[in-house]
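Heads up: numbering here begins at 1 and tracks the sequence. This structure is a prediction, so every number in the text was calculated from the model and none was measured.
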Amino acid sequence: MPITHLPRAAARRLPVLALVLTATLASSGCAVVDQSMHAVAGLLTPYRADILQGNVVTREQAQNLKPGLSRDQVRQLLGAPLLADPFHADRWDYVFMIRRQGVEPQRRNLVVWFEGERVSKVEGADMPSEYEFVAAMSKAPPSEGNRKLALNDDERAALPPPAPRAAASSVFAPQGAVRSYPPLEPQ
């Protein structure tokens with residue numbers, strides 16, 4: 001039935017119905033776009049700077065801590081403590097924390113107790129060696145075994161000979177005016 005034969009009330013509702021239908025289709029399209037944008041955004045993450053705080057204390061440094069060392073000797077060995085509480089002057093806390101994107105956060109604590117001016121005891125988790133610490137800081141996967149950095153004589157002899165060098169062409173010859181200069185010192 002053509003639009004001209006519709007009753008007046010139905011003809012007035014037709015633009016409203018078209019508007020409602022258009023809004024419904026547009027909003028459902030937005031939901032599809034919104035879902036796909038969330039999927040793409042989930043793949044992309046913003047750059048976050050690595051956060052390092054505190055003192056790095058390695059196993060080699062912790063092994064040098066012995067009861068009887070003075071405060072100055074501890075400071076020379078480990079550096080200034082991250083926490084030196086004035087209300088607990090007999091305790092120095094060495095704390096190390098690192099937060100990196102894509103890696104589990106790490107935290108290590110070492111507490112040095114003093115009696116007077118001398119170390120009485122040391123508390124803390126097992127500290128990593130310097131090698132283990134550097135390996136834990138690296139984002140690259142650990143290499144398997146030691147990498148070979150040099151060839152022995154037999155391996156060098158097995159290499160193919162280098163290609164012969166081409167003769168220098170006139171293209172690379174110096175160009176420009178040829179000048180003669182007087183000698184710098186009289187002869």
Fill in: Glu115 atom CD, neighbour heavy-atom count above 12 within 6.0 Å
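Counting neighbours around CD of Glu115, 12 or fewer heavy atoms of other residues, nucleotides or ligands fall under 6.0 Å, so no.
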
Discussion item. If you count every heavy atom of other residues, nucleotides or ligands that lies below 6.0 Å from Glu104 atom CD, does the total exceed 12?
Written reply: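 Open: at most 12 neighbouring heavy atoms sit under 6.0 Å from CD of Glu104.
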
How many angstroms lie between atom [atom1] of [X] and atom [atom2] of [Y], to the nearest 0.5 angstrom?
X: Arg91; Y: Phe114; atom1: CZ; atom2: CZ; result: 12.0 Å
X: Asp126; Y: Arg59; atom1: CG; atom2: CZ; result: 5.0 Å
X: Leu82; Y: Met97; atom1: CG; atom2: CE; result: 7.5 Å
X: Arg99; Y: Leu52; atom1: CZ; atom2: CG; result: 11.0 Å
X: Leu69; Y: Arg118; atom1: CG; atom2: CZ; result: 8.0 Å
X: Gln73; Y: Leu65; atom1: CD; atom2: CG; result: 10.5 Å

Check whether any side-chain N or O of [X] sits under 3.5 Å from a backbone N or O of [Y] as a donor-acceptor pair, and report yes or no.
X: Glu130; Y: Glu60; result: no
X: Tyr94; Y: Gly79; result: yes
X: Gln61; Y: Thr58; result: yes
X: Arg71; Y: Gly116; result: yes

Nearest heavy-atom neighbours spanning [X] and [Y]:
X: His88; Y: Asp85; result: ND1-OD2, 2.8 Å
X: Ala62; Y: Met127; result: CB-CG, 4.3 Å
X: Pro81; Y: Asp93; result: CB-O, 3.8 Å
X: Lys66; Y: Gln63; result: NZ-O, 2.6 Å

Shared hydrophobic cluster for [X] and [Y] (ILVMFWY, side-chain gaps under 4.5 Å):
X: Ile98; Y: Phe133; value: yes
X: Val57; Y: Tyr131; value: no
X: Leu77; Y: Leu110; value: yes

Item to complete: Carefully, step by step, assess Ser70 and Glu117 under the rule side chain to side chain contact (heavy atoms under 4.5 Å, CB included).
Response: CA-CA 6 Å; Ser70 69; Glu117 291 297 313; 5.7 Å; no

Worksheet item: Can you name the residues that form a side-chain hydrogen bond (donor to acceptor under 3.5 Å, both in side chains) with Gln76, not counting sequence neighbours?
Response: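 Partners of Gln76 under the side-chain hydrogen bond (donor to acceptor under 3.5 Å, both in side chains) test: none.
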
